[in-house]
Each structure stands twice: as C-alpha cells, then as structure tokens.
Amino acid sequence: MIRSVVRGFGAALPERVVTNRDMEKIVETSDEWIVQRTGIRQRYIAGEGETTASLGEQAARAALDNAGLTAADIDLIICATSTPDNTFPATAVNIQNRLGMHHGFAFDMQAVCSGFVYAVTTADSYIRGGLAKRVLIIGAETFSRILDWTDRTTCVLFGDGAGALILEAAEGEGTSQDRGVLTASLRSDGAHKDKLYVDGGPSSTGTVGQLRMEGREVFKYAVGMITDVIQAAFDTTGTTADDLDWLVPHQANRRIIEGSAKKLGIAPEKVVITVDLHGNTSAASIPLAIAAAAGDGRIKKGDLVMLEAMGGGFTWGAVLLRW
Ligand SMILES: CC(C)(COP(=O)(O)OP(=O)(O)OC[C@H]1O[C@@H](n2cnc3c(N)ncnc32)[C@H](O)[C@@H]1OP(=O)(O)O)[C@@H](O)C(=O)NCCC(=O)NCCS
C-alpha cells in the first residue's frame, strides 16, 4: 500500500524575542505567574515585513533544503493557518508564488491549533488517493496580530512562527512497522465554538477581530479530548504508549501536555516540549517542535511519533507516524 513518508522538515521564527519580563511592561503579569500556569518563558513576535506568508515561505525553503528538493518536486502545498495574510487568496497560494512554483495546487486549512494535524491527515489522504506524490505542509501563524494586547489572560500565551514538513509517497506493507503516516484520528464539536474564538470576520463584522478565550473552560476539556484521540490512534494500529518513541504535542500549555502524557502512561522523557521557547504558535507549534527534535537528532529514522493537538472549535486530533 502507499504510505506518506516524511522527507524533510523546516522552521522559521521572527527575529524579535519577547520574554515574560517584557510582558510585565505591557500588562499586569509576572514571569512567575506565566511560567507556573503555562511553562512559557518567551515567545517570538513578528515585526514589520514579517507575515504568515513570509514566515511560511522561510520554513518551506528550510524543509525543501532539508529534503534535498526544490519547489519543482512538490505537487501540493497545504498551509494550516488561522492568521492568513489576506482573507483570500489562500496563504498557501501566496507561498506557492513566493517559491516560484507555478504548477500543482495549493490551499489553506483552517482548524486553529489543530490545523497542522488536520493538514497532515489531508496530505496523507491526497497521497494515498493518488492525487499528489509530494506534499509540502506548512503551519504558519502571526497570532500577535489578532491578540488584545490589553488582555493579560490571553496576550501572554501566544507567539508567532512557522514550521513545515514534506511528505512523499512510498510503498509500505500495511503494518505498523511501515514508515510514514500510520493512522489519524480527527474530531470537532462546534458546541464549544464560543470558548475560544475571534470576535470578528469578513461576513459578521467586516473586521479582523481579536482572540477571546475562556481559558479555564478550554483547560477543562483539553486533557480528555487529547487523550481520547491518542488512544484511538494506538488502538487502530495495535500499538501502545510503550512502543512510542516521541510525543510531539501542540504546545499550548505545559500542564496540559504533561497531564495528557501522564494519563496515557507516556514517559516524560519521550515528550517534546518547546512551549517554553515559542509560546502557543497555534498551527505552527507542532512543525516547530518537530524541527527542534528532528533537527537535534532526537527523532530518528524508524521512530514511532505521535502528533496531537486541540484548539478552537473545538477541534482536536492525533496522527501516528513512523519517521
Ligand atoms: C489561561 C490559563 C493559563 C489560566 O490559568 P488558570 O489557572 O486557569 O487561571 P485562572 O483563569 O483561573 O485565573 C487565576 C487568576 O489569575 C489571574 N490572571 C489571569 N491571567 C493572568 C496573567 N497573565 N498574569 C497574572 N495573573 C493572571 C486571573 O485574573 C485570576 O485572578 P483572580 O483569581 O483574582 O480572578 C489556563 O486556564 C489555561 O492554560 N487554559 C488553557 C488555555 C489554552 O491552552 N488555550 C489554547 C488552546 S489551543
């Protein structure tokens, strides 16, 4: 059977680092409060000229270099983002043009913080369905541009950045020993749409709007939803927490990540954490974490890797793959 195997990865961050101490000058907060509640110590914030598409392009170029490929080798670009440069056209098309790619096709995926997990699942479906052979998947965000910088309950949590992954078609045996995407488990439930949302949009207010969140409500559901989809991925493939080499979670909050791993019996040393450095970069957080852990040699060929995320909608999901 056809499997979607990882061929390359890349990342890009804005130039400017904003520490918790810097945040203390913007809202009434403290480094201690932020670290204790979230694990975040700093985040990167896009400056003038840095946009979702420019960061996405940088991450894409890094992934192409890592794979030893050029844009000519790609036939589909999927960009997961909730902070597009424009309402339309899609940021993926913008990046396609920046890469000088004028063949194939490109589109955006909007599932907020679960966007990257949704995008990997979509790319895998296109590859297995024979519609694409090599897919460039990008998670790119500039959440700083939709934050209310007077609201301390949200503005301390998020950051900007981009990451990319290239998947390509390869033959597999159809067992959990195959390399590539082994299974995915996606969920959403719009009953929770008002717990984490942006209070504007083209069709409702004609404005961009700002991020609003009931943090405690999100927290309440997070661990249960995340562990459900991870368990489903284990069950489908007949694998267990012991077989897993790496959990690469969406980086929203260290307590949610550690609570989920503990509930599933995943050892803490198998969990990739970058939330301390990047904050919550929404759809970019998983590919940024992948680039960190694969870049420094932790994630190796043949490793069993679980990606998971939960976010606005709510949307949530997990992807199990063998590197
Ligand atoms: C946001 C979050 C860190 C808040 O932590 P919490 O322990 O739930 O804190 P609470 O909201 O109960 O607030 C506790 C107190 O801290 C205060 N507080 C909120 N933000 C603060 C900040 N940045 N600095 C200092 N104090 C703050 C609150 O006003 C509250 O004060 P009060 O008790 O006097 O009213 C936590 O709810 C969370 O992580 N939720 C999930 C959010 C998330 O990950 N969303 C993204 C999903 S993709």
Side-chain angles (χ1 to χ4, degrees), residues 18-43 80-83 109-119 139-144 146-161 163 186-190 192-199 210-230 248-261 273-276 278-289 307-318:
V18 175
T19 64
N20 290 350
R21 292 278 177 232
D22 297 327
M23 292 304 301
E24 290 174 0
K25 294 174 206 141
I26 299 170
V27 284
E28 196 174 329
T29 189
S30 67
D31 176 54
E32 295 70 25
W33 191 96
I34 301 171
V35 172
Q36 197 231 328
R37 306 281 173 133
T38 70
I40 298 167
R41 294 181 184 276
Q42 62 169 50
R43 71 287 290 139
T81 187
S82 301
T83 46
M109 179 116 278
Q110 214 282 49
V112 203
C113 296
S114 308
F116 195 76
V117 163
Y118 272 56
E141 304 279 16
T142 45
F143 261 51
S144 65
I146 55 163
L147 293 175
D148 175 352
W149 285 94
T150 65
D151 176 11
R152 68 174 182 174
T153 70
T154 53
C155 74
V156 302
L157 302 175
F158 295 90
D160 303 333
L186 299 186
R187 291 293 321 277
S188 69
D189 184 354
H192 303 289
K193 68 181 177 54
D194 297 330
K195 296 188 174 90
L196 174 49
Y197 69 105
V198 170
D199 63 3
Q210 290 181 318
L211 183 146
R212 306 290 170 206
M213 178 169 71
E214 294 175 40
R216 233 174 299 181
E217 278 296 300
V218 177
F219 199 96
K220 201 168 84 187
Y221 287 94
V223 172
M225 288 178 163
I226 289 164
T227 51
D228 276 357
V229 283
I230 292 177
V248 187
H250 167 51
Q251 309 281 325
N253 181 308
R254 194 170 185 128
R255 287 188 296 157
I256 294 174
I257 294 171
E258 290 176 347
S260 305
I273 302 227
T274 51
V275 70
D276 51 335
H278 303 155
N280 181 347
T281 58
S282 195
S285 89
I286 291 176
L288 277 168
L307 317 180
E308 63 84 354
M310 181 260 189
F314 292 146
T315 54
W316 64 108

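Every number for a ligand or one of its atoms is a count from 1 in the order of the listing.
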Checklist outcome for this item: protein heavy-atom neighbour closest to atom 15 (C) of ligand 1 works out as Trp33 NE1, 4.3 Å
Item to check | Sole residue of Thr83, Asn280, Thr281 in side-chain hydrogen bond (donor to acceptor under 3.5 Å, both in side chains) with Glu141 | outcome: Thr83
Checklist entry - Can you list the ligand 1 atoms lying under 4.0 Å from a non-hydrogen atom of Val156? => result 23 (N)
Checklist outcome for this item: d(Met225 CE, Glu308 CD) to nearest 0.5 Å is 13.0 Å
Next on the checklist: Any heavy-atom pair between the side chains of Leu186 and Val117 that's under 4.5 Å?
Outcome noted: yes
Checklist entry - For ligand 1, which atoms have a heavy atom of Met310 less than 4.0 angstrom away? => result 48 (S)
Item to check | Note, Ile257 side chain near His250 side chain (heavy atom, < 4.5 Å) | outcome: no
Checklist entry - Which atoms of ligand 1 have any heavy atom of Thr153 under 4.0 Å away? => result 19 (C), 20 (N)
Item to check | Protein heavy atom at shortest distance from atom 44 (O) of ligand 1 | outcome: Ala252 CB, 3.5 Å
Next on the checklist: To check you understand the geometry: which heavy-atom pair defines the closest contact between Val218 and Met310, and what is its length?
Outcome noted: O-CE, 4.1 Å
Next on the checklist: For a salt bridge (charged side-chain N to carboxylate O under 4.0 Å, His left out) check, start with the C-alpha distance between Arg212 and Asp148, then their side-chain angles and the critical distance, and finish with the verdict.
Outcome noted: CA-CA 8 Å; Arg212 306 290 170 206; Asp148 175 352; 3.0 Å; yes
Next on the checklist: With the threshold set strictly below 4.0 angstrom, can you tell me whether any protein non-hydrogen atom sits that near atom 30 (C) of ligand 1?
Outcome noted: no
Item to check | Protein heavy atom under 4.0 Å of atom 7 (O) of ligand 1 | outcome: yes
Checklist entry - What protein heavy atom is closest to atom 23 (N) of ligand 1, reported as residue, atom name and distance in Å? => result Arg152 O, 2.9 Å
Item to check | Atoms of ligand 1 close to Cys113 [distance to a heavy atom under 4.0 angstrom, numbered from 1] | outcome: 48 (S)
Checklist entry - Could an N or O of ligand 1 be found under 3.5 Å from any N or O of His250, whether backbone or side chain? => result no
Next on the checklist: Tell me whether atom 33 (O) of ligand 1 lies less than 4.0 Å from at least one protein heavy-atom position.
Outcome noted: no
Checklist entry - Is it true that a side-chain atom of Thr38 and a backbone atom of Val35 form a donor plus acceptor pair closer than 3.5 Å? => result no
Checklist entry - For ligand 1, which atoms sit closer than 4.0 Å to a heavy atom of Thr38? => result 3 (C)
Next on the checklist: Evaluate Arg216 for polar contact with ligand 1, using N/O atom pairs at a separation under 3.5 Å.
Outcome noted: yes
Checklist outcome for this item: Nearest non-hydrogen contact to atom 14 (C) of ligand 1 from the set Arg37, Glu28, Arg254, Gln36 belongs to Arg37
Checklist outcome for this item: Asn280 heavy atoms within 4.0 Å reach ligand 1 at atoms 46 (C), 48 (S)
Checklist entry - Would you say atom 12 (O) of ligand 1 touches the protein, meaning some protein heavy atom is under 4.0 Å from it? => result yes
Checklist entry - Looking at atom 47 (C) of ligand 1, what's its closest protein heavy atom, distance included? => result Val218 CG1, 3.8 Å
Checklist entry - Any protein heavy atom under 4.0 Å from atom 21 (C) of ligand 1? => result yes
Checklist entry - Nearest protein heavy atom to atom 39 (O) of ligand 1, by residue and atom, and its distance? => result Asn253 ND2, 2.5 Å
Checklist entry - Nearest protein heavy-atom contact for atom 24 (N) of ligand 1: which residue, which atom, what distance? => result Thr29 OG1, 2.7 Å
Checklist outcome for this item: The closest protein heavy-atom partner of atom 5 (O) of ligand 1 is Arg255 NH2, 3.8 Å
Checklist entry - So, is Gly215 polar-close to ligand 1, with some N/O to N/O distance under 3.5 Å? => result yes
